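Following: one structure in structure tokens, then a few remarks.
Note that the coordinates shown come from a computational prediction; the quantities given were computed from them, not determined experimentally. Note that ligands are numbered from 1 as they come in the structure, with each ligand's atoms numbered from 1 the same way.
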Amino acid sequence: MERPVTEMERSTLDHSPLRKGGGAVRVGILGAGQLGRMLGLAAVRMGVQVRFLDRAQSGATEGIGETMIGDWSDPELLTRFVDGCDVITTENEWAPAGAVESALRGREETRCRMFPASASLDLIADKGTQKQVLVSKNIATAPFELVASGDEAVAALGRLGGAAMLKRRRGSYDGYGNAAAHSAEEARAGCIALHGEDGLLLEAWVPFERELSVLVVRGRDGEIETYPVTTTEQRDHRCHATEVPSGCAPSVEAQATAIARQVVEAFDLVGLTAVELFMTPDGGLLVNEVAPRPHNTGHYTIEGCVTSQFENHLRAVLGLPIGGTSLRSRCAVMVNVLGHREGTADVHALAEAVRSSDVAIHLYGKRQVRPKRKMGHVTCLGNDLKSVRRIAEDTAEKLKL
Ligand code: ATP
Ligand code: MG
């Protein structure tokens with residue numbers, strides 16, 4: 001028997017574009033990389049049409065809905081992109097959300113809106129303002145200073161205890177905008193290497209015991225759900241693997257979850273957000289950074305949870321009730337498949353990898369391989385974390401595309 005619709009769900013549905021007089025619903029997604037691809041696949045499963053807009057074609061969204069390529073800050077292109085969409089969202093925090101909102105203002109009759117809103121994304125896209133918001137809300141994060149020159153960085157390094165991570169304020173991902181600074185020389189060299197128009201921040205080095213990630217999904221009406229806490233392992237500044245359960249004490253998990261909820265409220269985010277945390281040896285927690293979109297550390301949810309991070313992001317931005325976030329098995333491990341060379345992708349390795357029937361293989365359809373480029377991932381579920389991890393690692397290792 002179907003359960004009755006609750007009051008909360010009824011009011012949520014009143015905000016949903018699904019109410020508009022029948023017909024297909026279309027989601028516009030800024031960005032057409034692997035996160036867009038997996039959002040698009042979730043949309044297709046839900047019977048929702050999808051349109052992507054990106055600056056270049058990677059091949060990741062080929063065969064899924066419609067992909068528009070061009071200068072995504074061009075008002076004329078944005079007007080065509082939003083035309084016929086019921087909601088707009090993004091796979092990355094640097095998308096021109098403000099320009100999208102301007103394009104939507106001229107057509108208020110459509111009720112189409114952008115989630116998360118540009119006001120939220122703007123604060124997060126700049127790691128400097130992101131950290132300032134965290135501090136203003138009393139959310140623990142590593143001490144930092146904004147710096148604009150080698151001299152300023154050296155002075156700040158002294159005040160921060162002599163060991164720090166230099167970070168580009170905008171546009172960095174997978175560690176591409178970071179440089180460790182454990183001496184004045186490294187601080188100066190890092191400033192030269194990372195120098196750009198956007199400024200830098202110097203963050204005190206955190207001698208963390210492990211890194212955690214908490215996925216939070218928040219609806220248009222403020223309903224919030226969280227996923228199980230994951231332990232994440234970075235190699236060379238890049239996500240290598242995630243493991244659930246996290247292995248942390250229940251009190252640490254509860255604290256991490258509470259902090260993540262606080263972060264999402266602080267930035268007034270709608271949709272899926274990943275909050276990356278450092279756990280220090282004494283069990284203390286510091287927010288590393290906030291990703292206002294589906295995240296690499298949540299890929300395991302596709303097979304591992306009742307509702308994937310991608311489906312829940314779509315549900316949230318569409319104003320639909322949020323789906324269950326619990327685990328479907330005792331353990332889940334995700335391992336990334338990175339590029340090992342420069343050239344055209346070769347999927348022949350797939351034949352060897354699929355021999356392992358316990359693993360879900362995801363390849364992103366990118367045509368070009370580059371060393372360290374994220375080309376896919378694998379997820380393994382089971383009862384014993386060690387063996388699940390081994391199977392996932394072995395399979396990812398075989399996938400040299
Ligand atoms: P991603 O896109 O992979 O999330 P990013 O480029 O935005 O990464 P960060 O998350 O800031 O970069 O840093 C990448 C990794 O570098 C972290 O996951 C952590 O392993 C390490 N790191 C970052 N900041 C610090 C710090 N203050 N102290 C020690 N290690 C750090
Ligand atoms: Mg990070």
What residue among V27, V25, L320 forms side chain to side chain contact (heavy atoms under 4.5 Å, CB included) with M46? L320

Using a cut-off of 6.0 Å, state whether more than 12 heavy atoms not belonging to R367 lie near its atom CZ. yes

Other residues, nucleotides and ligands only: do more than 12 of their heavy atoms fall within 6.0 Å of NE2 on H182? yes

for atom 25 (C) of ligand 1, nearest protein heavy atom and its distance come out as F278 CZ, 3.6 Å

Kindly give the atom name of the N, O or S atom of E276 closest to the Mg ion (ligand 2). OE1

With heavy atoms of A204 as the reference, note each atom of ligand 1 found under 4.0 Å away. 27 (N)

For ligand 1, the portion of T232 having any non-hydrogen atom under 4.0 Å away: neither

Given the options M38, E91, R37, F310 meets side chain to side chain contact (heavy atoms under 4.5 Å, CB included) only with M38

Which residue and non-hydrogen atom of the protein lie closest to atom 8 (O) of ligand 1, and at what distance in Å? E289 OE2, 3.5 Å

Is there side-chain contact between R218 and E265, with at least one heavy-atom pair below 4.5 Å? yes

Counting from 1 in the order shown, the ligand 1 atoms closer than 4.0 Å to a non-hydrogen atom of N178 are 9 (P), 11 (O), 12 (O), 13 (O), 14 (C)

Output yes when a side-chain donor or acceptor of R328 lies under 3.5 Å from a complementary backbone atom of G304, and no otherwise. no

Examine K127 against ligand 1 and note whether any of their N/O atoms are separated by less than 3.5 Å. yes

Heavy-atom nearest neighbour of atom 31 (C) of ligand 1 within options E93, M165, R235, K167: M165

Numbered atoms and elements of ligand 1 in range of E276, under 4.0 angstrom, heavy atoms: 4 (O), 10 (O)

Taking E311 for its side chain and T307 for its backbone only, find out whether a donor-acceptor pair lies under 3.5 Å. no

Considering heavy atoms of the protein only, find what lies nearest to atom 2 (O) of ligand 1 and give residue, atom and distance to 0.1 Å. D174 N, 2.8 Å

Note: ligand 1 atoms sitting under 4.0 Å from heavy atoms of F208 are 20 (O), 29 (C), 30 (N)

Where ligand 1 meets E203 - atom numbers and elements under 4.0 angstrom, heavy-atom basis: 24 (N), 25 (C), 26 (C), 27 (N)

Any N/O of E211 closer than 3.5 Å to an N/O of ligand 1? yes

Counting from 1 in the order shown, the ligand 1 atoms closer than 4.0 Å to a non-hydrogen atom of V206 are 26 (C), 27 (N), 28 (N), 29 (C)

Within a strict 4.5 Å, meaning less than it, do heavy atoms of the V82 and M114 side chains meet? no

Can a donor-acceptor pair be found between the side chains of T231 and E233 at a distance below 3.5 Å? no

Name the closest protein heavy atom to atom 16 (O) of ligand 1, giving the residue it belongs to and the distance to 0.1 Å. H237 ND1, 3.5 Å

Can you name the N/O/S atom of E289 that is nearest the Mg ion (ligand 2)? OE2

Parallel, tilted or perpendicular: which describes the rings of Y364 and H377, with under 30° parallel and over 60° perpendicular? tilted

Distance check, rounded to the nearest 0.5 Å: D54 atom CG versus I29 atom CD1? 11.0 Å

In terms of residue, atom name and distance, what is the protein heavy atom nearest to atom 6 (O) of ligand 1? G175 N, 2.6 Å

